Every structure is written in C-alpha cells, then in structure tokens.
Amino acid sequence: MTDPVKPTLLVVDGHSLAFRAFYALPVDSFSTRDGQHTNAIHGFLSMLLLLLQNERPTHLAVAFDKSRQSFRTREYAEYKGNRSETPPEFKGQVPLLQEALHAMGVRTLEKDDFEADDILATLATRGTAEGYRVLLVSGDRDTIQLVDDDVTLLYPNTQGVSQLKRYDTAAVIERYGIRPEQYPDVAALVGETSDNLPGIPKVGEKTAVKWLGLYGDLDGILAHADEIKGVVGQNLRDGRENAVRNRKLNRLVRDVDLDVELAEFEAKPIDLDAVRPIFERLEFRTLMDRLTKLALGDAGQAASGGAAPSAPVEREPAPAAPTPQPLRDDELAAWLETATAAEPAGLGLSIDVIAGEVAGVGIATATETVRLEWQSAADSPALAAWLASDAPKIMTDAKLQLEALARSGLAFDGLVVDTLLAGWLMRPNLQEKSLADLVDRYLGETLPQSDPALLVPEEGSDAGAPEYAWYSLRVAPEVLRVLPERTRQLLADVEMPLVPVLAAMELRGVAVDHDRLAALSAELGDRAAGLAVLAYAEIGREVNLGSPKQLQEVLFDQLGMPKTRATKTGYTTDASALADLQESNPHPFLGYLLEHRDATKLRQIVDSLDKAIAADGRIHTTYGQIGAATGRMSSNDPNLQNIPVRAEDGRRIREAFRNGEGYVELMTADYSQIEMRIMAHLSGDPGLIEAFNAGEDLHRFVGARVFSVDPADVTPLMRTKVKAMSYGLAYGLSAFGLSKQLRIDRAEATQLMKEYFARFGAVRDYLRGVVEQARIDGYTETIFGRRRPFPDLNSPNRVLRENAERQALNSPIQGSAADIIKLAMIGVERSIAEAGLRSRMLLQVHDELVFEVADGEADALETIVRDRMSSAADLLVPLDVQVGRGASWDDAAH
DNA sequence: TTAGAAACGTA
DNA sequence: CGTACGTTTCTAAA
C-alpha cells in the first residue's frame with residue numbers, strides 16, 4: 001500500500017475538476033447574496049478538503065490551463081474546436097477559486113502554450129524521479145498514460161466530484177485491458193469526440209485493445225494495417241493520418257519548464273485568518289467549518305511535534321435538536337408560560353399533517369421541544385386556545401399546516417414569520433424550497449432526514465414536528481437579519497397576512513359542473529377524431545398528430561414544405577409556424593392539424609379539470625406563494641390561472657365554473673391595464689398619466705398621439721398596433737418581435753416604436769433606467785420594495801445578458817402589480833369578515849379576483865371589493881376596477 | 001422509469 | 001429576437 005517513508009505529492013487539474021464540479025452542482029443553489037455563482041468553487045474545494053483529509057499529502061499543487069490556445073491548437077487548429085463557449089457562470093469562478101486556493105496556501109501553476117495535463121505529466125515525472133508518491137486528480141482521460149507504480153490517478157466518476165475512482169496500474173489493466181502507457185494508442189485509434197479528434201470509424205475500445213494485443217503498439221498496428229480485413233481494416237488504412245495525429249496530440253509533455261522546485265509545494269498549515277475573509281465573501285459556511293476542523297487537526301499534529309497550537313477560534317459543532325418531550329394537553333399551559341417568557345419573539349411551531357389532517361404538533365424554544373399527540377380539538381383545549389390566540393408563532397411553509405388545522409376544527413392566529421417566505425423574499429429565484437434548504441444556507445447545518453428511499457423511515461432518525469419547529473425557530477432570526485428593511489416590511493405587511501387568506505381560498509375551492517365538462521369533453525373528442533380522419537386522408541396515412549417528430553416528416557419530407565424555425569431537435573411545428581406555412585404553402589392538412597390541436601388541447605384541459613373535482617363537487621387549487629421570482633403567485637394541481645378565455649370554445653370551459661350551494665352567483669373583479677398604469681406611475685410620463693386620467697379608451701388615446709390624429713379618427717388597425725406596442729413594452733419587445741406579432745415589416749415596426757417613444761419618451765427613459773440601475777445594484781425593486789437579483793446583467797454572454805435585461809425591466813412592473821393585488825386580497829378578506837358577509841373570495845388570476853356571492857350581498861360585496869382593490873396602492877393614476885356578475889365564471893366576465 | 005423538449009393555456 | 005407561470009405528451013436515454 002502506501003509507503004510511509006515516501007512524501008506524497010498531490011497535483012490537481014484545476015480546470016477539469018472545477019468544470020466537473022460546475023456541472024455536478026446546480027448553479028442556482030450556489031450563489032452569493034450579490035449574485036456571484038459559486039457552485040464550481042464550492043464543489044472543487046469540497047473535493048480538495050476531502051482529499052487533504054483522506055490522502056494527507058505532504059506536497060500539493062493545482063494546475064490550470066492558461067488559455068484555450070496551446071501548442072496543440074497550433075499544431076491542429078480543430079483541436080477542441082467543437083467545445084462550446086465556456087458558460088459565463090463558470091468563467092468568473094476560476095479567478096475566485098485561485099484566490100481561495102492562494103488564501104489556503106496552495107500553489108497554483110499555469111504555463112503559456114501548455115495545458116494543465118502537461119503540467120501534471122511534468123510534475124509526475126519529476127516527483128517519481130525525486131522519490132515521491134504521486135497522486136494526480138484529473139477528469140481528462142489522457143492522464144491515464146501517466147499512471148505507474150508510483151503514480152496514481154484519481155478520476156471523477158460521472159456522478160460528480162465527490163467520488164473519485166482510483167486508477168493504479170492494476171486498476172487501469174482491469175478497466176481497459178491494457179497497461180497505462182498503452183492508453184494513448186487506444187485513444188488515438190478510437191478518437192476523442194470531446195477534443196474534436198476523430199478516430200478510426202467503427203473502431204472502439206474493444207477493437208483497439210485487440211489490435212494492441214496482436215501488434216504491440218500503434219506503430220505495429222499501422223505497419224500491419226494491410227493484414228486487417230473487412231471494413232474496419234479499410235477504415236484504418238484510410239484514417240491512419242488521423243490516428244498518427246491523435247497519438248501526437250495526446251502525448252503529454254513531461255518536461256515543461258516550470259521554474260519551481262517540488263519542495264515549494266510543501267503543504268503548510270492552513271492560516272484560517274487568511275482564508276476566512278474570502279470564504280465569507282463566497283458565503284461558504286459549511287466549508288469553513290470543515291476547513292477549520294481540518295486545520296485544527298493539523299495543529300494537533302504540530303503540537304505533538306512540540307510547538308504549541310496557535311489558539312484558533314474553537315467552533316462549536318452543530319447543535320442537535322433537543323429531544324422532544326411528550327406533553328399532555330393539561331401540562332401545556334404551564335410549559336407555554338415559561339416558553340413564551342424565554343422566546344418573546346415567538347415560539348417555533350410545526351404541525352404534522354397526514355392526509356390533510358393534524359396528526360401531531362411540535363412546539364419549540366431554543367432549548368426545548370415538546371410534542372403534543374393530538375386526538376381532537378375537544379381533547380386539547382389548552383392547545384386549541386394557544387393556537388387560536390395571537391401569541392407569536394414561527395413556522396415554515398405554514399399554509400398547508402394552517403389548512404390541516406382548519407380541517408381538524410382548530411382556529412389559528414399569530415403567525416409572525418414563515419421562514420420559507422422570508423427566504424424567498426431574500427432570494428426569490430426559488431433557491432430555498434424547503435426547511436432543509438434554509439437550514440443548510442442560514443445555519444450551515446443539515447436538517448436530519450432519513451433516507452427518502454426507505455419506505456418505513458428509520459425510527460428516530462427523521463425530523464418530526466418538534467424538530468421542524470426547532471429549526472424554524474433558529475432559522476428565522478438568521479433570515480430576518482439579512483433581509484433589507486423594506487423587504488422585512490413587505491414580509492410583515494403582505495406575505496405573512498396573505499398566508500391565512502390563501503389557505504382559506506384553497507379550502508373553499510370553486511364549484512365546477514361535472515356534467516358540463518363531461519359533455520364538452522365528449523364533443524371535443526368527437527371533433528378531434530373527425531379532424532384526425534380528414535387530416536390522414538390528406539396525407540394518405542395515419543400519423544400521430546401529437547408527435548412533433550412525425551409531423552416534421554409529413555410536413556418537410558412528404559409535403560416538401562419549407563423548413564420552419566429550428567428547434568433543438570428539428571424544426572418547429574407550433575401554431576404560428578403552421579399559420580405561416582398555410583400562407584406560403586396552403587394545404588388542407590395544415591388547417592385540419594391546427595383545428596385538431598385546438599380540440600385535443602381543450603379536451604385535455606377539460607379532462608384534467610374534471611379529474612380534479614373533489615368529493616365536495618369543487619376544485620381546490622394550490623397557490624404557490626413562492627411560485628414566481630417577480631412576486632406573483634402560481635396555481636397548481638390544477639392550475640386555475642390558465643383556464644382558456646380568448647377563444648369562444650375555450651370560454652365554454654368557464655361556463656362550468658359556477659357558484660356552489662348556498663350561493664347565488666359568481667362575481668369577478670379585475671384591474672384594467674394595471675401594468676400600463678404602473679408603468680405610467682413609475683415612469684411619470686405626462687402623456688401616459690394624462691391618458692389614464694382622461695378616462696378615455698387607453699389605446700385610442702395613445703393611438704391618437706402616435707399617429708397624430710384625433711381620437712375619433714383612430715382606426716381599428718391603428719388601435720391594434722398601438723395596443724401591441726404598449727403591452728410589448730413591459731416585456732422588452734424589440735422591433736423584430738413587434739413586426740412579427742403584427743405581421744408588418746421591420747421598417748414599419750421600427751417607425752412605430754420611434755413615433756411611440758417620441759410621444760411617450762419618459763417611458764423609454766424609465767425602462768432604460770431600470771436596467772441601468774439594476775446593473776449597478778444587482779437587483780430591481782418594486783414599488784413596495786420587493787427585490788429580485790439579476791446576476792447576469794453584466795454577463796459577457798450576450799444572450800444571457802439580454803435575457804436578464806428584459807427580465808429586469810419587466811420585474812418591477814409585474815412585481816408591483818403582484819404586490820398591489822396581494823394587498824387588495826388581504827384588505828378584501830378582512831373587510832368581508834368585518835362586514836359579516838357570507839360571500840367569499842375563491843380565486844386569484846394575477847389581476848383578477850373571483851368571488852362566490854351570497855344572496856342579497858352583491859352590492860355590499862361589490863362596494864368592498866371596488867374600494868379595497870382601487871385603494872390598494874396610491875399611484876399617480878387611478879386603479880380602475882371592472883366588476884361583473886353571473887351564473888358562471890364566463891357569465892361573470894364583462 | 002425518468003428527464004428534457006415542445007407545445008400551449010393564462011396574465 | 002416578449003415577461004411570468006403549469007401541464008401534458010412525446011421522445012430518447014437509462
């Protein structure tokens with residue numbers, strides 16, 4: 001095994017390992033508050049620490065590629081020529097990684113005109129000569145040739161970088177059936193796609209190894225090329241230049257002039273004080289802990305050698321959750337008294353939910369947790385009283401738990417912090433999706449969880465309600481600490497009060513008429529079947545009309561239509577492309593196909609809604625409060641925010657949404673043009689503000705300005721164009737996009753935009769300003785202070801950057817609209833309760849609310865809704881609210 | 001069996 | 001080459 005006398009030299013291929021780490025770890029989960037991606041750095045350092053711990057090298061170096069150019073690219077220009085652009089999220093991490101390594105006292109090496117692997121080869125050669133045991137770490141197979149009795153290669157497996165496969169001579173022989181020094185011959189014959197080095201066609205590892213066995217080495221094989229029969233033999237004779245070239249390129253250089261002595265790589269004790277600042281900047285809490293442990297271990301060894309350890313800061317190990325005490329309800333009041341005194345900001349609370357009902361309750365202070373077994377509300381008067389009181393409670397992902405409480409007949413109040421919502425406001429790109437994520441990020445600890453693969457969780461290993469309560473309690477102050485003041489306010493004023501409102505809406509659900517849906521489904525099914533028959537007749541065969549692949553065959557091969565926009569897997573067959581084709585190459589098949597698509601899509605929606613009707617005859621969607629990065633909510637299971645409304649057929653689905661028993665109709669209330677109004681407010685554009693205050697049709701008003709005509713003379717076409725332009729603005733629409741949407745030429749679109757901005761210049765200035773400010777701040781902000789970070793705004797990658805720019809200019813607008821309707825919902829719910837109405841709010845569709853109206857309450861409800869919605873924010877323009885009522889959702893639309 | 005792409009519905 | 005979502009179906013890889 002290892003020779004205790006020999007010193008150990010560990011050499012790492014920095015680029016290849018960092019790159020592996022980059023792809024192994026989700027980029028979204030590793031970034032700092034200011035948006036710097038750190039997944040590659042984190043993965044690399046994590047692996048390095050593991051190596052230092054397990055291998056205990058005496059000498060250490062990390063080699064990097066200096067650039068993409070090397071003597072190999074000069075020799076063969078196509079070398080690695082197929083490599084796509086390095087992701088910018090990766091690029092920026094390399095200098096930071098090097099900085100971190102230097103802080104850790106690790107030497108890094110790079111050399112003009114050579115690749116990192118050549119440095120590995122050189123150090124391995126010198127190390128062997130100078131009596132070292134050498135460990136190489138690289139993700140490049142070419143380094144296999146370096147393995148010998150003193151040189152071992154650690155190669156990352158496909159899963160990532162946490163597991164390294166150890167290749168010594170025996171392992172290479174076992175894996176490849178050849179000796180390490182023969183590997184380049186195999187690679188030369190087989191070729192290396194990732195390096196853009198084609199090999200001999202039809203020759204894989206098996207064949208190459210067989211030939212090596214027969215003829216010794218590549219030269220031998222080529223010398224006997226004439227004796228090899230069949231297609232492969234001919235391929236070999238045809239491609240011998242390739243093989244020779246490959247062999248030349250994959251030979252690593254063992255004598256790069258490095259101008260260093262191996263002794264300089266001696267591993268020094270880690271200076272934690274030097275490392276701490278950069279690790280803090282990278283927000284590597286767990287890694288810092290691991291490094292600290294490792295360094296203290298080193299110090300301990302040094303101490304045994306005589307020197308006293310320099311007094312490093314002793315880090316406490318991650319505390320374990322206190323063992324939950326079982327508590328009876330009659331003991332609860334007393335416990336709560338001392339607990340509340342100990343935690344005035346709130347107690348941690350978590351509800352075990354099984355099948356939607358309360359199964360257990362955990363409550364936590366910083367030092368104690370209790371578990372209350374729960375039978376029924378009647379058996380737990382003390383618990384019920386505390387839950388119903390306004391005593392402050394801290395939870396994680398409370399909505400589900402609140403619903404379970406309600407179903408079990410328990411009133412609830414006093415939710416002050418939901419850590420999941422707080423974490424989302426801090427990083428709205430859905431990076432922390434669970435308590436476990438929050439515990440990891442904000443405490444640097446791991447939430448105990450049993451293997452989810454186990455059907456029966458291990459006894460005691462799993463975190464239950466008391467543990468969840470305890471971790472929630474500890475996470476809360478850490479998240480709040482880093483939350484900017486306005487964002488904390490947003491949490492307290494908007495997101496937290498919204499939780500019980502959403503819980504109530506989800507519990508209520510909306511009544512849906514199964515019979516109508518069933519009839520509609522049957523009708524659509526028949527229609528689709530008929531259209532399919534017609535479509536098949538046109539092309540003389542049956543294909544799967546739902547298969548883009550088969551459609552491409554029909555359209556482009558069989559019917560010879562011109563190719564449409566390219567997708568990753570071929571050419572698009574989407575509705576707009578088919579419409580274009582219909583214009584240029586009219587064919588009845590296209591019409592049938594489009595209609596068939598419509599019918600099947602609609603039927604699919606109908607069927608999934610029908611399946612979602614619960615036993616109470618109602619559909620209960622789930623709102624995702626942390627659903628969208630802009631601040632909007634999402635709806636799922638089923639999604640009730642994308643029920644068709646534009647097409648006549650689609651609207652028939654809305655006819656199935658009706659008031660339930662005990663109610664007389666539905667009412668809808670929506671903000672008209674809220675995003676344009678927000679744009680008017682944020683930009684302060686006098687023209688746009690006047691447009692809204694004039695109370696005239698917005699698009700007519702704008703059209704009159706843009707086309708310099710009287711409002712009365714604005715034609716429908718002019719109105720359409722201006723409307724598309726106005727709506728497109730908030731999305732970062734380009735002249736190209738506008739021309740495409742309006743089916744007008746580029747020049748006309750450009751002209752339209754020019755005229756528009758000439759009249760509404762402040763809008764353009766505002767949109768530009770948003771992006772510029774975001775580039776500086778790294779985030780955008782809504783009217784209410786909701787932030788969204790944009791790390792890609794300064795990316796050198798144009799696609800990424802321009803995407804980020806459009807997102808950035810849209811976010812304050814979409815986000816402010818979301819803030820406003822959330823505030824309105826909270827106000828409406830409160831006012832309805834205060835007025836004692838039975839009518840209730842059921843659905844939210846971004847700028848629309850749907851209510852179920854009780855008999856005789858329509859007017860009172862409308863007054864409340866109009867008032868709360870229009871006064872939710874104080875803008876420079878009025879917030880106009882449209883209200884409608886009717887027997888169905890469709891009828892209630894206006 | 002699973003993950004990704006394509007397609008399409010809403011605001 | 002217009003933002004924000006969720007769902008379904010097909011497809012290729014595992």
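Quantities reported herein were computed from a predicted structural model and do not represent experimental measurements. Here is the naming used below: chain letters follow the sequence lines, and residue numbers restart at 1 for every chain.
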Would you mind listing every ring pair (Phe, Tyr, Trp, His ring centres under 6.0 Å) that reaches into residues 758-794 of chain A, with sequence neighbours excluded? A:Tyr756-A:Phe760
Would you indicate what A:Asp670 reaches in the nucleic acid, counting non-hydrogen atoms under 4.0 angstrom: base, sugar-phosphate, or nothing? nothing
When we call it a touch if two heavy atoms are under 4.0 Å apart, what does A:Ala817 touch: a base, just sugar-phosphate, or nothing? nothing
Using atom [atom1] of [X] as one end and atom [atom2] of [N] as the other, report the distance to the nearest whole Å.
X: A:Met679; N: C:dT3; atom1: CE; atom2: C1'; result: 12 Å
X: A:Leu738; N: C:dG2; atom1: CG; atom2: P; result: 10 Å
X: A:Lys549; N: C:dT11; atom1: NZ; atom2: P; result: 7 Å
X: A:Gln844; N: C:dG6; atom1: CD; atom2: P; result: 13 Å
X: A:Leu800; N: C:dT3; atom1: CG; atom2: P; result: 13 Å
X: A:Leu767; N: C:dT3; atom1: CG; atom2: C1'; result: 12 Å
X: A:Asn636; N: C:dT8; atom1: CG; atom2: P; result: 11 Å
X: A:Leu809; N: C:dG2; atom1: CG; atom2: C1'; result: 9 Å

Before accepting this row, confirm whether a basic side-chain N of the pair A:Arg652/A:Asp649 lies closer than 4.0 Å to the acidic partner's carboxylate O.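 Salt bridge between A:Arg652 and A:Asp649, a charged N being under 4.0 Å from a carboxylate O: yes.
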Salt-bridge present (A:Arg508, A:Glu852; N to O < 4.0 Å): no
Please report the distance separating the P of B:dA5 from the corresponding atom of C:dC1, rounded so that it comes out in whole Å.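 Approximately 15 Å lies between the P atom of B:dA5 and that of C:dC1.
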With sequence neighbours excluded, residues passing side chain to side chain contact (heavy atoms under 4.5 Å, CB included) with A:Asn636: A:Thr622
For A:Asn794, side chain to side chain contact (heavy atoms under 4.5 Å, CB included) partners two or more places apart: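 A:Asn794 satisfies side chain to side chain contact (heavy atoms under 4.5 Å, CB included) with A:Arg775 once adjacent residues are dropped.
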Check this one for me: any side-chain N or O of A:Thr630 less than 4.0 Å away from OP1 or OP2 of C:dT3? no
If you only use heavy atoms from C-beta on, which nucleotide in C:dA4, C:dT8, C:dT11 is closest to the side chain of A:Gln807? C:dA4
Please determine, for the side chain of A:Asn810, which listed nucleotide (C:dA4, C:dC10, C:dT8) has the closest atom? C:dA4
Nearest-nucleotide comparison on DNA chain C, the residue closer to the 5′ end among A:Ser608 and A:Pro428: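 It is A:Pro428, whose closest nucleotide lies nearer the 5' terminus.
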In 5'-to-3' order, the base (B), backbone-only (S) or no-contact (-) status of each nucleotide in nucleotides 5-11 of chain B, using a 4.0 angstrom heavy-atom cut-off, is SSSBBBB
Quick one: ring pair (Phe, Tyr, Trp, His ring centres under 6.0 Å) partners of A:Trp424, sequence neighbours excluded? none
According to ring pair (Phe, Tyr, Trp, His ring centres under 6.0 Å), who are the partners of A:His846, at least two apart in sequence or on a separate chain?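 Partners of A:His846 by the ring pair (Phe, Tyr, Trp, His ring centres under 6.0 Å) criterion come out as none, since no residue qualifies.
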